[in-house]
**Q** 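Structure in structure tokens, see below.
Quick caveat: nothing in here was measured; it's all calculated off a predicted structure. Order of the sequence lines sets the chain letters (A, B, ...), proteins ahead of strands, with each chain counted from 1.
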2 protein chains.
Amino acid sequence: MVQYASPRLDLTFAALSDATRRGIIDRLGQGDTSITGLADTFQMTLTGMKKHVQVLERAGLVVTRKVGRVRTCTLGQRGLAAEAAWIEAHRRLFEARFDALDAIISEMQQEGHDGSAR
Amino acid sequence: MVQYASPRLDLTFAALSDATRRGIIDRLGQGDTSITGLADTFQMTLTGMKKHVQVLERAGLVVTRKVGRVRTCTLGQRGLAAEAAWIEAHRRLFEARFDALDAIISEMQQEGHDGSAR
DNA sequence: TAAATACTGAACCATATGGTTCAGTATGCA
DNA sequence: TGCATACTGAACCATATGGTTCAGTATTTA
């Protein structure tokens, strides 16, 4: 329906929105591990962990390879460049607006309105 | 259950995982708008748009103020600094791994395994 | 060969998400 | 006053998410 969709960013940001999955990325940053290794670390069933890994895999953040009966998980080649680019580009938008908003809030506070930013 | 949780990152990354919401941020970067204005732009019911704005608001990415019958949406003061920091810190992890992975893939390809990275 | 290990898949569950419609309430304007 | 506008809230719907259990299959290893 909408064209500005970016399935890639949808998948990566969704993957990063879960603390366990961010933890998996941290862990894989120290070295590759199996599904079992991850399941132990995060105190979760194998099946549950496999689902998390699949989410990360679909997002391209993790790559897995099965050798024998062990599936080894590695950080994906694709990295976080696209996400970093989006965030950086938009960070500036926020900063630009901040000055303007700041001025509005000061003004409102002087007028005695409820302009208290928490 | 897990301690490494960061509700803040959970909320912001989840908010950013939807193309419509990323579009709303783009749009607000050009200037404040009402819920109606956003609903028109993104061809959605008012109620639907309100939900998206609420998601962005809970994540601290958008601030709204109701004046009269119009609720005006603005980019939040908090910005994307925390998200940028997380991404940047982890980008290095991926890059570090990339060299190692690259070596493994080359090795595998020489061995004739299915090491084809798309 | 038999047992243990490592994963896989199906089924289930509760809750969240992304949308809708419909029925309000509050505000602005003629 | 009275209509149009702008939002709000409840209810509903289909699908996704984050987890589980249970019953496999495939691989090691003793």
**Q** Can you tell me if the side-chain N/O atoms of S34(A) get under 4.0 Å from OP1 or OP2 in dA6(C)?
**A**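 No, outside the criterion.
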**Q** Judged by each residue's nearest nucleotide on DNA chain D, which is more toward the 5′ side, I35(B) or T45(A)?
**A**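 Closer to the 5' end of DNA chain D: I35(B).
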**Q** Can you name the residues that form a ring-ring contact (aromatic ring centres under 6.0 Å, His included) with H90(A), not counting sequence neighbours?
**A**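 Result, ring-ring contact (aromatic ring centres under 6.0 Å, His included) vs H90(A): W86(A).
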**Q** Rounding to a whole Å, what distance do you find between Q43(A):CD and dG18(D):P?
**A**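 Computing the Q43(A):CD to dG18(D):P distance gives 19 Å.
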**Q** Not counting sequence neighbours, which residues clear side-chain hydrogen bond (donor to acceptor under 3.5 Å, both in side chains) with R8(B)? List them please.
**A**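 Result, side-chain hydrogen bond (donor to acceptor under 3.5 Å, both in side chains) vs R8(B): E83(B).
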**Q** Which part of the nucleic acid, if any, lies within contact of L46(B), taking any heavy atom under 4.0 Å across all strands shown: a base, the sugar-phosphate backbone alone, or nothing?
**A**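 Contact class for L46(B): base.
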**Q** Output yes when at least one side-chain N/O atom of K66(B) is less than 4.0 Å from OP1 or OP2 of dA6(D), else no.
**A**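 Checking K66(B) against dA6(D): no side-chain N or O falls below 4.0 Å of OP1 or OP2.
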**Q** Can you list everything that forms a side-chain hydrogen bond (donor to acceptor under 3.5 Å, both in side chains) with R69(B)? Sequence neighbours excluded, please.
**A**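 side-chain hydrogen bond (donor to acceptor under 3.5 Å, both in side chains) check on R69(B) returns nothing, list empty.
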**Q** Please report, rounded to the nearest Å, how far the C1' atom of dT8(C) is from the NZ atom of K50(A).
**A**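 Value for this atom pair: 5 Å.
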**Q** Check the phosphate of dT20(D) against T47(A), side-chain N and O only, distance under 4.0 Å to OP1 or OP2. Yes or no?
**A**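 T47(A) to dT20(D) OP1/OP2: no side-chain N or O under 4.0 Å.
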**Q** Give every pair of a protein N or O atom and an N or O atom of nucleotides 24-30 of chain D that lie under 3.5 Å apart, one pair per line with the distance.
**A**
residue, atom, partner, partner atom, Å
dT27(D), O2, R69(A), NH1, 3.0

**Q** Would you indicate whether the side-chain heavy atoms of L61(B) and T12(B) approach each other to under 4.5 Å?
**A**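 Side-chain contact under 4.5 Å: yes.
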**Q** Show the distances under 3.5 angstrom between N or O atoms of the protein and N or O atoms of nucleotides 12-17 of chain D.
**A**
none

**Q** Give the rounded distance in Å between these two atoms: CE of M49(B) and C1' of dT8(D).
**A**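 The distance from CE of M49(B) to C1' of dT8(D) comes to 16 Å, rounded to the nearest Å.
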**Q** Only counting residues at least two apart or in another chain, list the ones meeting side-chain hydrogen bond (donor to acceptor under 3.5 Å, both in side chains) with T33(B).
**A**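 Testing T33(B) for side-chain hydrogen bond (donor to acceptor under 3.5 Å, both in side chains), a comparison that skips the adjacent residues, returns none.
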**Q** Taking atom P of dG19(C) as reference, at what distance in whole Å does atom CD1 of I24(B) sit?
**A**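 Computing the I24(B):CD1 to dG19(C):P distance gives 9 Å.
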**Q** For S34(A), give me all partners under side-chain hydrogen bond (donor to acceptor under 3.5 Å, both in side chains), at least two apart in sequence or on another chain.
**A**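 Per chain and number, S34(A) pairs via side-chain hydrogen bond (donor to acceptor under 3.5 Å, both in side chains) with no residue.
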**Q** Could you pull out all residues at least two apart from A39(A) that satisfy side chain to side chain contact (heavy atoms under 4.5 Å, CB included)?
**A**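 For A39(A) the side chain to side chain contact (heavy atoms under 4.5 Å, CB included) partners, ignoring immediate neighbours, are L46(A), M49(A).
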**Q** To the nearest Å, how far apart are L16(B) CG and dG18(C) P?
**A**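 My rounded result for the distance is 12 Å.
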**Q** Where do V53(A) and L38(A) come nearest, in terms of heavy atoms and distance?
**A**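 Heavy-atom minimum between the residues: CG2-CD1, 3.9 Å.
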**Q** Got a sec, which residues hit salt bridge (Lys or Arg N to Asp or Glu O under 4.0 Å) with E88(A), two or more places apart in sequence or on another chain?
**A**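 Checked E88(A) against salt bridge (Lys or Arg N to Asp or Glu O under 4.0 Å); matches are R91(A), R92(A).
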**Q** Nearest to the side chain of R71(A), heavy atoms from C-beta on, is which of dT8(C), dG19(D), dG9(D)?
**A**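 Closest nucleotide to the R71(A) side chain: dT8(C).
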